[in-house]
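Structure first, then comments.
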Amino acid sequence: MLALMLIRTATAEDWPAIWAFLRRIVAAGETYTYPRDLDEDRAREIWMLEPPSRTVVATDPDGTVLGSAKMNPNHMGPAAHIAGASFMVAPEHGGRGVGRALGEHVLDWARAEGYKAMQFNAVVESNTRAVALWRSLGFEVIGTVPKAFAHPTNGYVGLHIMHRFL
């Protein structure tokens, strides 16, 4: 666990550091439903959100970007009170509490913005570390789309829909 970590709004200057790990994570094809050959321009468009949505980075005291999260309305119109979020932690910084800190930050943000709940639409069933983390932060699996994700080594696995009230 990192003793000190800053979570702040991501800037254009953070993008190269985010892209460095986002590219590797997406290309591995184990945890995100993005195309494995996602190009940088499209990745930036997907990840670097404009207000009222938000993208943040977690940094260590020397400014190294450890991970990032994006948060946004999950739905529109009469369901716009449900937030959504996505998270990525640079693999070399995993297991140090970055994901948990980002998760807690996003939940605090969603509450402050007036959302009533948060929903994750596609948590890969075989991503057991993420599933355990989200469960520990109060999320429940409310459904699983069977064999919805073509994992490169596990074959077809389910995609969990996870939810929690705020």
Side-chain angles (χ1 to χ4, degrees), residues 5 7-60 63-76 79-80 82-103 105-106 109-110 118-135 137 139 141-163:
M5 183 182 332
I7 298 176
R8 60 170 173 76
T9 300
T11 67
E13 291 76 27
D14 294 316
W15 176 250
I18 296 169
W19 175 239
F21 59 82
L22 187 149
R23 174 181 63 229
R24 287 182 289 151
I25 291 167
V26 170
E30 297 175 346
T31 55
Y32 271 84
T33 60
Y34 301 149
R36 291 176 75 174
D37 62 352
L38 184 67
D39 70 63
E40 184 176 2
D41 289 339
R42 181 70 178 122
R44 186 184 305 108
E45 179 183 317
I46 290 169
W47 200 261
M48 299 296 283
L49 302 180
E50 297 293 326
S53 300
R54 185 169 183 229
T55 301
V56 298
V57 290
T59 65
D60 68 10
T64 300
V65 175
L66 308 170
S68 182
K70 64 177 186 142
M71 53 214 88
N72 50 272
N74 198 324
H75 304 288
M76 297 183 288
I82 308 298
S86 296
F87 304 82
M88 286 196 192
V89 174
E92 62 273 18
H93 298 295
R96 297 170 61 191
V98 178
R100 176 171 299 280
L102 286 167
H105 179 86
V106 165
W109 171 85
M118 183 167 281
Q119 176 182 317
F120 300 149
N121 299 326
V123 180
V124 177
E125 182 177 47
S126 58
N127 188 356
T128 55
R129 285 180 64 190
V131 172
L133 172 60
W134 304 139
R135 285 184 187 278
L137 290 174
F139 286 84
V141 174
I142 60 170
T144 302
V145 183
K147 298 185 179 188
F149 186 85
H151 192 281
T153 56
N154 297 336
Y156 289 99
V157 299
L159 283 176
H160 291 322
I161 300 167
M162 298 188 78
H163 174 272

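Scope of the values below: all heavy atoms of this structure, side chains included, with no hydrogens, waters or symmetry mates.
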Please examine the side chains of His160 and Val124, heavy atoms only from C-beta on, and report whether any two atoms are closer than 4.5 Å.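 The answer is no; the side chains never approach within 4.5 Å.
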Flag the pair Leu137 / Arg100 as yes when at least one side-chain heavy-atom distance between them is below 4.5 Å, and no otherwise.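 Side-chain contact under 4.5 Å: yes.
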Minimum-distance pair of heavy atoms, taken over all atoms of [X] and [Y]:
{"X": "Leu133", "Y": "Gly99", "result": "CD2-C, 3.7 Å"}
{"X": "Met162", "Y": "Val131", "result": "CE-O, 4.0 Å"}
{"X": "Thr33", "Y": "Ala122", "result": "CG2-CB, 4.2 Å"}
{"X": "Ile46", "Y": "Tyr34", "result": "CG2-OH, 3.3 Å"}
{"X": "Glu13", "Y": "Pro16", "result": "O-CD, 3.5 Å"}
{"X": "Pro73", "Y": "Ser53", "result": "CD-OG, 3.5 Å"}

Salt bridge (charged side-chain N to carboxylate O under 4.0 Å, His left out) partners of [X], counting only residues at least two apart:
{"X": "Arg24", "result": "Glu92"}
{"X": "Arg8", "result": "Asp14"}
{"X": "Arg23", "result": "none"}
{"X": "Glu45", "result": "Arg42"}

Before giving the answer on side-chain contact (heavy atoms from CB on, under 4.5 Å), spell out for His93 and Phe21 the whole-Å C-alpha distance, their side-chain angles and the decisive distance to 0.1 Å. CA-CA 10 Å; His93 298 295; Phe21 59 82; over 6 Å; no
Apply side-chain hydrogen bond (donor to acceptor under 3.5 Å, both in side chains) to [X] and list each qualifying residue two or more places apart in sequence or on a separate chain.
{"X": "His105", "result": "Arg54"}
{"X": "Asp37", "result": "none"}
{"X": "Gln119", "result": "Asn121"}
{"X": "Arg36", "result": "none"}

Result of checking Thr144, Ile142, Val141 against Ile161 for side-chain contact (heavy atoms from CB on, under 4.5 Å):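 Of Thr144, Ile142, Val141, side-chain contact (heavy atoms from CB on, under 4.5 Å) with Ile161 is met by Ile142 alone.
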Can you tell me which residue pairs pass the salt bridge (charged side-chain N to carboxylate O under 4.0 Å, His left out) test with a partner in residues 120-130, sequence neighbours excluded?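 Matches after skipping sequence neighbours: none remain.
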In Å, rounded to the nearest 0.5 Å, how long is the span from OH of Tyr32 to CG of Leu22?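 Between atom OH of Tyr32 and atom CG of Leu22 there are 7.5 Å.
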Criterion side-chain contact (heavy atoms from CB on, under 4.5 Å) on Trp15 and Met48, from CA distance to verdict: CA-CA 8 Å; Trp15 176 250; Met48 299 296 283; 3.6 Å; yes
Could you work out, with ring-ring contact (aromatic ring centres under 6.0 Å, His included) as the rule, every residue matching Trp109, not counting sequence neighbours?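 Per chain and number, Trp109 pairs via ring-ring contact (aromatic ring centres under 6.0 Å, His included) with Tyr115.
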Go through the steps to decide whether Thr153 and His151 satisfy the test side-chain contact (heavy atoms from CB on, under 4.5 Å), and finish with yes or no. CA-CA 6 Å; Thr153 56; His151 192 281; 3.1 Å; yes
Side-chain donor-acceptor contacts of residues 82-90 below 3.5 Å, not counting sequence neighbours, with atom names and distances?
none

Where do Leu66 and Thr59 land on the side-chain contact (heavy atoms from CB on, under 4.5 Å) test, with the steps shown first? CA-CA 5 Å; Leu66 308 170; Thr59 65; 5.5 Å; no
Tell me every residue that passes side-chain contact (heavy atoms from CB on, under 4.5 Å) with Ala27, counting only those two or more places apart in sequence or in another chain.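 Applying side-chain contact (heavy atoms from CB on, under 4.5 Å) to Ala27 gives none.
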Answer with yes or no after comparing the ring centroid distance for Tyr156 and Phe149 against a 6.0 Å cut-off, counting only values under it.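 No, ring centres 6.0 Å or more apart.
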Side-chain donor-acceptor pair present, Trp47, Thr55, cut-off under 3.5 Å: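 Absent: no donor and acceptor within the cut-off.
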